[in-house]
Every structure is written in structure tokens, then in C-alpha cells.
Protein chains: 2
Amino acid sequence: MEKMTTNKKRLLIVGGVAGGASCAARSRRLSETAEIIIFERGQFVSFANCGLPYYVGDVITDEQKLVVANADLFKQRFNIDVRLENEVLEIDREKAVITVKNRKTGEIYPENYDALVLAPGAASIRPPLPGIDLPGIFAVRTIPDSRRIREWISTREVKRAVVVGGGFIGLEMTENLVHRGISVTLLQNQTQVMAPLDPEMATPIHDLLVSHGVTLGLGDGVVGFEANADGSINVITQSGATHATDLVILAIGVRPETTLAKAAGLEIGERGGIRVNAQMQTSDEKIWAVGDVVEVQDFVTKEWTFIPLAGPANRQGRIAAEAIFGRNTQFRGVQGTSVCGIFGLTIATTGANEKTLKRLGWNYDKVYLHPGHHVGYYPNAKPINMKLLFSPGDGRVLGAQAVGEAGVEKRIDVIAMAIQLGATVYDLEEAELCYAPQFGAAKDPVNIAGMIAAKDLREDAPLVHWEDLPKLDGMLLDVREAYEFAAGHVETAVNIPLSELRQRMVELPTDQDIWVYCQVGQRGYYATRALRLNNFRAANLSGGFKTYQAGKFKLNQYLV
Amino acid sequence: MEKMTTNKKRLLIVGGVAGGASCAARSRRLSETAEIIIFERGQFVSFANCGLPYYVGDVITDEQKLVVANADLFKQRFNIDVRLENEVLEIDREKAVITVKNRKTGEIYPENYDALVLAPGAASIRPPLPGIDLPGIFAVRTIPDSRRIREWISTREVKRAVVVGGGFIGLEMTENLVHRGISVTLLQNQTQVMAPLDPEMATPIHDLLVSHGVTLGLGDGVVGFEANADGSINVITQSGATHATDLVILAIGVRPETTLAKAAGLEIGERGGIRVNAQMQTSDEKIWAVGDVVEVQDFVTKEWTFIPLAGPANRQGRIAAEAIFGRNTQFRGVQGTSVCGIFGLTIATTGANEKTLKRLGWNYDKVYLHPGHHVGYYPNAKPINMKLLFSPGDGRVLGAQAVGEAGVEKRIDVIAMAIQLGATVYDLEEAELCYAPQFGAAKDPVNIAGMIAAKDLREDAPLVHWEDLPKLDGMLLDVREAYEFAAGHVETAVNIPLSELRQRMVELPTDQDIWVYCQVGQRGYYATRALRLNNFRAANLSGGFKTYQAGKFKLNQYLV
Ligand SMILES: Cc1cc2nc3c(=O)[nH]c(=O)nc-3n(C[C@H](O)[C@H](O)[C@H](O)COP(=O)(O)OP(=O)(O)OC[C@H]3O[C@@H](n4cnc5c(N)ncnc54)[C@H](O)[C@@H]3O)c2cc1C
Ligand SMILES: Cc1cc2nc3c(=O)[nH]c(=O)nc-3n(C[C@H](O)[C@H](O)[C@H](O)COP(=O)(O)OP(=O)(O)OC[C@H]3O[C@@H](n4cnc5c(N)ncnc54)[C@H](O)[C@@H]3O)c2cc1C
Ligand SMILES: CC(C)(COP(=O)(O)OP(=O)(O)OC[C@H]1O[C@@H](n2cnc3c(N)ncnc32)[C@H](O)[C@@H]1OP(=O)(O)O)[C@@H](O)C(=O)NCCC(=O)NCCS
Ligand SMILES: CC(C)(COP(=O)(O)OP(=O)(O)OC[C@H]1O[C@@H](n2cnc3c(N)ncnc32)[C@H](O)[C@@H]1OP(=O)(O)O)[C@@H](O)C(=O)NCCC(=O)NCCS
């Protein structure tokens, strides 16, 4: 039995979705007596933002499904007062009072607080381009947003759409519009989609989009919009191209909704989000902030960063509640674990990517691999393109990326858990994971990733990478079968199939570096070992010809 | 570049499948000069035992697919001499010589070794019951075994089969026979199938089997077999029942194939397997043993145990090779991570189960939960029945079990990784896992499992369990809606829906324990918190009515 909680705190929460609603619900479980009020400027509390693209795509058909909890339920279940269409306009920190506007009545009223939680989320970026306010240009952030898009699609009988932005929301919208029979052009000013991936990992997604009929324009930013006489819109890009379309979806990212916080003089961090401590407390000790509005510390790199995802928002809401009610829970930072499904392909990442590690000047190494999601002898094994980043000193796992049709997010989740616990590649090597023919392999892809990295660190089989090939001063050896070589190889390579290697080692130079490759890296590894044990200076091209192709040939494929 | 390995070791390996073949292949990568010979008494090396049930079921149709590597490939790729149909008969430890019989020629010959690896696997248990040798009674261990079963099915036009044994091989065979249109009776002398699960977790599998037309006889051991005049077989059980059938599959477990080891006087452990050290070395310093033939230490309980699975066999083969070639790699023990698919249901486990912890007298606690495999608002969410076992002192995760249609082995793999790294339930609570609507939830089932356990440990919401209900001296409160209560409830329960609880608290006793339940545990938890904060002595029934039903009503359902 617990001590009676006599805490009559007045807790006000700005924003009632992932972070705010979680914080409110958790607060009630920590205090029955606190007065808890959620102010939500929109018409819905606790809705599933993440489901919006699928609602547009008619995968989720019942709008009600998107409302995880409504104001009545909050009252009945949690004794929480939810004020919909009530916008918080201002914070008076000295008086500990907020000013609220009831958007239904126009009334403006004050509310005082003992604790205030800011969970206003982020706003879709909407650059001030010519024509940006034309009808037919939409962002996807709320239920009304998606309702409007649905209506536009049906009333205008939309046939063509331009999606601007190739992040996960842009991709999900692309899939869902295609699903509705709309022909989609995806424009992305960067040279790849899905920024959390390194570029060479994104190339299969580009191919996939195109194979589903999407017109892909990479490296081409939008500079403006024009209305046509027939009601359609011309989307004009940097390269001078014009895309005539019936619908534009803007999905070029979000920025923290810091208007209130800035006006109140709360500390804002270098990345533009509210700066909080490990208890999610802002620079004002009565004010907490959670979710998309805050900057967070990257668990791996310790950098301040901005990770607008629902898992962290929920967790932060919970932690702020605990801090407010006197517990000392600490937020451990974010790993940026994320997943996105597109046309049957799953893309998942956790931890740091190579771009970040390069930018920070960290010492890192990496492996590429392409294992099947389950054993090859069982029907329908699908390859997973994986990349693992690790620290060369102690082997600590720094990050992982995976793209494939099945079993992808499972491997990333396992590695996410490993990173959280400070694991090394040696731990991955030894992991004991589920194996039956339909589910994996006696050596799971996670094990194989760890093994390849560990062999690199132990110098059993040092790795070289596709982008280093121009630096090779020595021999490039292709150990695939002759027919594979004939079908395509690195220009400068010499072919000796693995099965003939031992007999033909006399043909190889002992005084030069020999870089070995095969299709995905495994035979290359076998050859590397045989060569090294026979005194050759061999190294293995990680990920083999497959990774080489993704990097070398495909990186610039859909650039405008 | 490495030093030339001048090690001309002679390495002999008995058994050429998971453990033996892995050890041989890894050995070659550690030494180019060692002479490596595999002796395999069967006709195949390196085959996929795990695929055999699916070959019988015609899911895998090409027998060649089961042969992961053949003798030619071993020669070409690894320079390893594979001697098929060569059985090792004896080990002379003093002389370091084995005696081999070539089963094709009948020749018997000696081979001397510097290092010997025993990887003879396990043998299917075949108790000396009356009629056990009748034609039509098969075990499933080798390719010829499954070939014979396939032939028997087609030549005899088998309509009925009896599978004896409800472990994973028995279940996989059941599914595959049903897949071929055969009507199957599954007999199991224990009161549940899938021994790695605790009984209450196995009940959905029993229902599923029956819903797929399987006749299930639990708690009924087979005592003998009789031939009928028409060539069919009567399977006779303890209970006196007779099952007439065209085919019998014996899948009642395996025992370590220790004949050679025993005759050679190697140390055998308490569980009947060869006893090895962390480098997989037997009591003879020139002899190593790996795979199904050895006893292993349980990573969680530190007990000696017997885990005949392919992952550990592969890993052990690799470690023995490293030990033989002078590396000090240590086997870290087994967690017993395993998975089995049956009629679309996935069953996965890792770590210790409750049966084991009880037997060992460990202090443990547990949670049950039934989260969706992804968010409910996205179509086709499937519940996962989960159980998590943990240490009440420090919260260390001890084991987990999960049963469901999707996303099951993912959660177990994540928890397996967590257990390996010594994680606590607080780590699970904080895990940052993949979330998009198709893949999970902002609070993943792994998080929820950790959260429920953590709340129990923090005494925020102590848990009680279905089997403790008879001990309750107080009030049992059902907080579901009235219509749910009406559809079925625990007999002694009083119904106050969660939404009315705060108003009706006056009806509740302050001087008694109040055990709360709902359908799966979440509303029960909300109610428990509200009650405890209002001074009531409340606890939450873990897993709610759903777990209660699985335990109370279904445990004895298919007992003969
Ligand atoms: C289309 C889409 C798909 C997504 N898919 C995924 C996914 O698959 N996985 C994932 O992890 N994340 C996904 N996200 C991101 C995720 O939804 C956000 O990270 C999360 O909702 C952030 O929670 P939050 O509480 O910080 O902000 P929000 O959920 O955005 O809630 C903020 C709320 O505050 C209200 N508000 C703002 N200012 C005020 C004010 N002054 N007064 C009153 N109310 C105010 C807003 O109206 C808004 O409702 C997706 C987001 C979108 C838009
Ligand atoms: C039907 C079936 C399904 C399975 N499914 C799975 C699964 O889904 N997941 C999983 O993890 N595990 C599964 N297993 C278990 C897995 O196959 C074993 O754990 C693994 O093969 C053990 O490897 P091993 O090398 O110890 O023995 P084995 O693979 O059995 O190899 C031992 C070999 O040694 C040979 N041999 C024995 N004695 C001698 C001798 N004196 N001389 C010469 N040769 C000898 C035998 O002929 C045999 O080929 C399954 C097993 C079976 C039978
Ligand atoms: C609806 C909402 C307010 C509910 O808040 P909540 O009660 O904190 O959240 P959840 O439903 O996730 O449940 C989590 C709580 O229930 C507990 N719980 C869940 N299942 C349980 C079970 N079977 N038994 C016991 N407790 C359980 C958890 O431990 C946790 O409680 P705690 O935080 O006190 O430890 C909030 O989740 C929300 O607004 N969600 C929608 C918005 C959103 O997240 N959008 C972005 C993603 S699309
Ligand atoms: C066929 C067989 C002999 C191959 O042995 P193997 O070469 O050790 O095994 P794998 O194919 O699993 O590959 C693992 C090796 O290749 C390496 N490897 C795998 N993919 C790689 C890649 N893409 N790049 C570099 N190295 C790679 C691994 O690191 C490992 O090498 P290491 O042990 O020296 O670190 C063995 O796996 C076997 O017999 N399997 C079938 C029997 C069986 O397991 N049955 C039971 C389950 S059904």
C-alpha cells in the first residue's frame, strides 16, 4: 500500500498527442489528486499521426481508428481534462500562468500552473516559395490535413501527384498515392531518399520506386509552383523542369514548434529545439518539454540532435511525468532507431550512420553483407542488404542499416538492443537467436555481421571497401565462377574462381596487395583466408560486387 | 600479412553435419596446411536436418536443396577430405588412432590424429516397445529417413498418421503431414506440447492443432504397436486407446550419440552428454566434442543441460576449431533460444522458463501480456501472448516466451540479445525499437513487458497471478465493461468498469486486499494505480482474464 498522495499539483500540458498525452496519462498514474489539463489546439487529442499516410491511401479506411483516445475517455479513464481547440498563446513564467485561446468561442483566458509541459510537436516545413499557398498543396500532419487530401483526391479525380521530399513521410505518401492509382513524381533535393541511410544503402529504394512507376527526381529542389488554367499546378525545380500535377504533398521535413518557448525566453539549443536536461526539464524549473519540440542527445555520438519520432516522444512524456511527481528517471538519449515500409521493402536503421561518423571525424570501420532473411533451402528467402558500423578499437557497435523485403526490422531491433547495452561486434558474433528454416539461419545475419567485423578487427581478414578501389596499388582478384565474371565485373579485375585458387596461387604476386571480391563477400573471405595463410597480402572487398555496384554505378542514377 | 602457418596438424572429425562441417570449414580458415578429414557414416555431409519436415511436406520439393555443401565442394573450396559412408567404430586414445569402417567396401582401417573432434550428433529415441520395428514407423533425422517417409506416403496412399511426441519436430511433422492432406493424431505423454514453454503458454497451440483437424491426445503415452492384416498399424496408448493408422512418426526426443565417447572412457556428464570445457575440449586433451552430443552450460541458470539445436552446434564447431588452432575462444553457454512455426503460429523462447526456475528453487517473478504485434489502428494486428521471467532483486531478465501469428520471434530475439548482455527489465522498458504502423508500436511489446515488470518491482502496481487466485483473501474486482463481464468472468469477481471506478470507490473495502483484473492487464493496471493512490491494497492480475483462461480452463483440455 502506498502513502496517500496529497500532491494537489496543477499540471498543464500544451499539446495532446504523443508526448503530451503520454505525459498526462502517466502523471495520473503517479497522482490521483493532481489537476491535469491538456490544451490541444487541434480537434483531436491522442491521434495516430503515423497512420495518416495509410488513411490517405485507404489502407486505414475508418478515420475513427486513428483516434487512439478521445476527450471522453481521458475524462473517464484518467480523470484528465482535455480542452480541444484550445490554443496556448503565451507563457508568463514569472507568474506561472499561461494564456489560452478557446478557438471555438474566441475566449481568451489565463490558467496558472505548478508544472507546465510543452509538447507542441513540430511543424511541417513550408518554405516561402512562390505559389506555396496554392490550393492543392498539402502537408500531412493532422487528421484534418489527411481528410482534405482525401477530399481533394476524390473531388478532383486526381491522376498525378508530386511528392516533395524523400524522407519516410514522403515515401509513405508516395506508396499510398500509388496505391490509389495515382501516378507519382517524387522530387528530393538531396541525392538520395531516406537520409538516415548512407547513400549506397539507399540505391535499392531508388530502383524500387522506379519499378513501381514512380518518376524519381533526385538532386532537384523545388523552386516554385504555378497555377494552370485547368486548376492543375506546375511544380518548377532548380533544374528548370516543370511537373504538371493535380496534387502536391510537401514532406520536406519538420521544425520544432518553438514559438511559445522562444517567446517565453526558454533556452533553445544549437539545433533549434528546446534544450532540456535528462529529466526533460527546460531552463525554467517549472517547465518541461518533450517530443518533437526538443533537442535530444544522441546516445552513440553524444551530439545534440533532433529525432522527431513517436517512440522517443512517448518515452519522454513518461519521463517528464516522473520528474514532475518527484521521481529521478533519466532519459538516456536517442539512438534514432527507425523503420519505414515502402512497396514491400523495409528500411530500418539504428545508431549512427557513416555520414555522421565522417562529419564528426570519428574513427570507425564498417561491413556490408547481403544474407538471406532465412536459409536458402527454404522457399522464398529474401536478401537483406545490411551495413554495420563499429569502433575499430574496442569493437563497439555504433550503428546499423538494413534494407530488404523481410526480416529487416528484426535484425535492426536486435542490434538496437545491443547498442543500448554497449555491445561489441564480438557480442553480435555470439548472439543466440531464433532459428528454424522459415525464420533465420543457424548463423543469423546478425551473427554474420558480427563475425565479419570481428575478423576484420582480428586481422583474420581485413576489409577494404568499394570506394577505396581507386586507391588499390596491386591486384584485384575476382574469385567468382567464370560465368559470373562474364556477366559483369570490376574493370581491372582478374578472374580466378575460388575452386581453382589453391592450384593457381603461383599466378599471384607475393609482393603486392591483393584485393579479393566475390558476389557478396563470403567466397571473397574464404579466398582471403587461403591467401593470407599462404603469405599473400590479401584483403576482402566488403559486400562484394553487389555493394560495389550499389555504390559505384547506382549512386548517381536518378540524379536530375 | 600473417605468418606462414606451418602447422601440419592432422585433424579428424567424426560426423559431417552442423557441428562437424562447421568445425572443418573454420579449421581450414585457420590453417592451410592442416590435414582435415571428415568421417560421415551417412550418405550426406552438411545437410539441412532442419529442413527435413518440410521436405516430407513438399514445401521443399527438391532434395538437392537440402544439401548445403557436398563432398566435391568441400574438396574444392576448403581442401577438406570428406569420407561419406565411413563410420568411426572406435577411438584408441593412447595411440591417438581411430578405427574406421568404409560401409561401401566393408574395409576397416585406422587413422591417426593430432586432434579429434566428435560431432556425431544425437540419435532419435526409440524405446523398446512391442512392435516398434514394424514397417511404417519412422524417425526423422536424415535425408534417407525423409525419403522413406515420402515413399511410404505415396506408395501406401497414406490417409492417417500418428505423430508421437509434441516437441518442435513432432509439431513440424504434424503440420507437414496435414499439408499433404493426411489426417493426423498427435500423441504426447506430457500434458502439453512444446516443453520449452510453460504449460499455460502452450494452450493456444493445443487449440490451434485441433482447429486444423489434428486429433490431440495429451498425457497419453504410447505403450506399443500392432500390425493389422491390411498393413495398417494400431498404436496403443497407456489409457488403453487404439489408434489405427497408416504411418507413425516417432518424435519423442533425441539422446546424445555417446557410444564412441563412452567406449573410449571420455567423461560423460550428469545429463548423459559428453562433458566439455569452455573450449569444447573433452577430458582427453586431444579430443574435442561439439553439437548435440555434448552437455552445455545454461547461460542463465549455469546448470548443465542438453540443447540439441543447430545454432549452438555451429558455434561450438567454430570454437573447437579455434581451440585446436591455438586460439582461446570460449563458449559462453546456451540460452536455449528457439523458434517453431506451426499452422501460421510462431512459438519462440529464450532463457529459462518457469518450470526450470521452480525446479531450481530460484526466486523469480513473471509478467504476462498480450500486445498486438503492431498498433491496433493499422489493419491485421495480431496479438502476441508473451511471458517474461525476471529476478525480483535486480530485475535481471531470466527468460521469455512468446506465441502468436506475427512479430513473435522478433521480440524473442531482442530479449535474447538483452539476456546475453545481462540486461534488466529496466533496460527493456527503455529500449528504442523500430516503430512504424506495420511493424510495431511507439511502445513496443518488449517495452511494455519491461514496463509491467518494472512497475511490479517498484511496487507501483504489484502483480498477482492466475494460479494464486484461490489464495485471495479479499475482493476480486473485474474492471471491464459490463458486456465483457457478462460474456464470462472469474466466478467470485465483482464488476465495476474502469470508467466508473473513481465514482464508486466508496463501494470498496479499505481493509482487504483487492485483486483487479481486466481482459489483458492494462485497464487492470490503470485501476490498480488509481486504487493504490487512494489507499486501497490493490494488485493487478497479470495478463488479465485472457491469461486466467489459458491457465485455469485450458490446461487440462486435451488430456486423455
Ligand atoms: C505523417 C506522419 C507519419 C509519421 N510516422 C511515424 C512513424 O511511422 N514512426 C514514428 O516513430 N514517428 C512517426 N511520425 C512522427 C511522430 O508522429 C511524432 O514524432 C510524434 O507524434 C511527436 O509527438 P509530439 O507529442 O512531440 O508532437 P505531436 O504528436 O505533433 O503533437 C503536438 C500537438 O500539439 C498541438 N499544439 C501545438 N502547439 C500548440 C499550442 N500552442 N497550443 C495547443 N496545442 C498545440 C498540435 O496541434 C499537436 O496536436 C509521423 C509523423 C507524421 C506527421
Ligand atoms: C527434423 C529435424 C528438424 C530440426 N529443426 C531444427 C531447427 O529448426 N532449428 C534448430 O536450431 N535445430 C533443428 N534441428 C536440430 C539440429 O539439426 C541439430 O541440433 C544439429 O544438426 C546438431 O548438429 P550435430 O553436428 O551435433 O549433429 P548432426 O547434425 O546430427 O550430425 C551428426 C552426424 O554425425 C554422423 N555420425 C554419427 N556417428 C558417427 C560415426 N560413428 N562415424 C561417422 N559419422 C557419424 C551422423 O550420421 C550425422 O550425420 C532439427 C533436427 C531435426 C532432426
Ligand atoms: C492513448 C495514450 C494517451 C495512452 O497513454 P498511456 O496510458 O501512457 O499509454 P499506453 O496505452 O501506451 O500504455 C502504456 C501504459 O500502460 C501500461 N501497460 C500497457 N499494457 C499493459 C498490460 N498489459 N498490463 C499492465 N500494464 C500495461 C504500461 O506499463 C504503461 O504504463 P506506465 O507508463 O505507467 O508504466 C497515448 O498512448 C497516446 O496518446 N497515444 C496516441 C498518440 C501517439 O502516440 N501518436 C504518435 C504515434 S502514431
Ligand atoms: C556448409 C558449411 C560447412 C559451411 O561452413 P562455414 O563456411 O563455416 O559456414 P557458413 O556458410 O555459415 O559461413 C560462415 C563463415 O563465412 C563467413 N561469412 C559469411 N558471410 C560472409 C560475408 N558476406 N563476407 C565475409 N564473410 C562471410 C563467416 O564469418 C564465417 O566465417 P568464420 O567462421 O571464419 O568467421 C556449414 O555451414 C554446414 O555444414 N551447414 C549445413 C549443416 C547444418 O548446419 N545443419 C543444421 C542446420 S539445418
Side-chain angles (χ1 to χ4, degrees), chain A residues 1-2 4-5 18 29 31-32 48 50-51 54 59-60 65-66 76-77 79 310-311 314 332 334-335 337-341 348 375 377-379 409-410 412-414 416-418 420-421 423 427 430-439 442-443 498-499 502 526 529-530 532-535 537, chain B residues 1-2 4-5 18 29 31-32 48 50-51 54 59-60 65-66 76-77 79 310-311 314 332 334-335 337-341 348 375 377-379 409-410 412-414 416-418 420-421 423 427 430-439 442-443 498-499 502 526 529-530 532-535 537:
Chain A
M1 204 176 52
E2 296 183 30
M4 179 79 171
T5 309
R29 296 192 287 271
S31 166
E32 275 287 300
C50 316
Y54 302 91
V59 175
I60 298 170
K65 286 244 155 119
L66 295 174
Q76 285 173 7
R77 183 165 286 182
N79 190 25
N314 271 268
R332 65 176 187 86
V334 291
Q335 295 174 205
T337 307
S338 72
V339 65
C340 172
V375 286
Y377 66 77
Y378 191 86
E409 81 286 4
K410 173 165 87 170
I412 292 300
D413 274 354
V414 170
M417 180 51 88
Q420 174 184 349
L421 297 165
D427 295 314
E430 302 229 316
E432 188 181 325
L433 303 173
C434 287
Y435 165 48
Q438 317 90 306
F439 302 100
K443 289 166 194 140
L498 175 60
S499 49
R502 283 189 182 80
Y526 292 157
R529 282 306 297 157
R532 289 178 70 81
L533 289 169
N534 279 292
N535 263 344
R537 283 168 17 202
Chain B
M1 204 177 54
E2 295 184 32
M4 178 80 170
T5 309
R29 295 192 286 271
S31 166
E32 273 288 298
C50 316
Y54 301 91
V59 175
I60 297 169
K65 287 243 155 119
L66 296 174
Q76 285 174 6
R77 181 165 288 183
N79 190 24
N314 271 268
R332 67 175 185 88
V334 291
Q335 294 175 204
T337 308
S338 72
V339 65
C340 172
V375 284
Y377 67 77
Y378 192 85
E409 81 285 5
K410 173 164 87 168
I412 293 300
D413 274 354
V414 170
M417 180 51 89
Q420 174 184 348
L421 297 165
D427 296 314
E430 303 230 315
E432 188 182 323
L433 302 172
C434 287
Y435 165 50
Q438 317 90 308
F439 301 102
K443 289 165 194 140
L498 175 59
S499 48
R502 285 190 180 82
Y526 293 156
R529 283 305 298 156
R532 290 178 69 82
L533 289 169
N534 279 292
N535 262 344
R537 282 166 22 201

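Just the heavy atoms: all of them, side chains too, but no hydrogens, waters or symmetry mates, feed the values below. Every chain is numbered from 1, with letters handed out A, B, ... down the list of sequences.
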Under a 4.5 Å heavy-atom cut-off, does chain B meet the side chain of [X], its backbone, both or neither?
{"X": "A:Gln420", "result": "side chain"}
{"X": "A:Tyr54", "result": "side chain"}
{"X": "A:Gln438", "result": "side chain"}
{"X": "A:Arg502", "result": "side chain"}

query: Do the side chains of A:Cys50 and B:Tyr378 get nearer than 4.5 Å, heavy atoms only?
result: no

Can you tell me how far [atom2] of [Y] sits from [atom1] of [X], rounded to the nearest 0.5 angstrom?
{"X": "B:Glu32", "Y": "A:Arg529", "atom1": "CD", "atom2": "CZ", "result": "9.0 Å"}
{"X": "B:Gln335", "Y": "A:Glu430", "atom1": "CD", "atom2": "CD", "result": "10.5 Å"}
{"X": "A:Asp427", "Y": "B:Met417", "atom1": "CG", "atom2": "CE", "result": "7.0 Å"}

query: Where does B:Glu432 contact chain A at under 4.5 Å (heavy atoms): side chain, backbone, both or neither?
result: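 Backbone plus side chain of B:Glu432, per the 4.5 Å heavy-atom cut-off to chain A.
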
- request: Would you mind checking which part of B:Val375 comes under 4.5 Å of any heavy atom in chain A, side chain (CB onward), backbone (N, CA, C, O), both or neither?
  value: neither

Could you check which of [options] has the highest count of heavy-atom pairs closer than 4.5 Å to chain A?
{"options": "B:Cys340, B:Ala530, B:Ala18, B:Ala348", "value": "B:Ala530"}
{"options": "B:Val414, B:Leu66, B:Ile412", "value": "B:Val414"}
{"options": "B:Ala442, B:Cys434, B:Pro437", "value": "B:Cys434"}
{"options": "B:Ala418, B:Ser338, B:Ala423", "value": "B:Ala418"}
{"options": "B:Pro379, B:Ser499, B:Gly311", "value": "B:Ser499"}

query: Between the side chain of A:Asp413 and the main-chain N/O of B:Leu433, is any donor-acceptor distance below 3.5 Å?
result: no

Nearest heavy-atom pair of [X] and [Y]: which atoms, and what distance?
{"X": "A:Tyr435", "Y": "B:Ala310", "answer": "CE2-CB, 3.6 Å"}
{"X": "B:Tyr377", "Y": "A:Lys65", "answer": "CB-O, 3.1 Å"}
{"X": "A:Arg29", "Y": "B:Leu533", "answer": "O-CD1, 3.4 Å"}

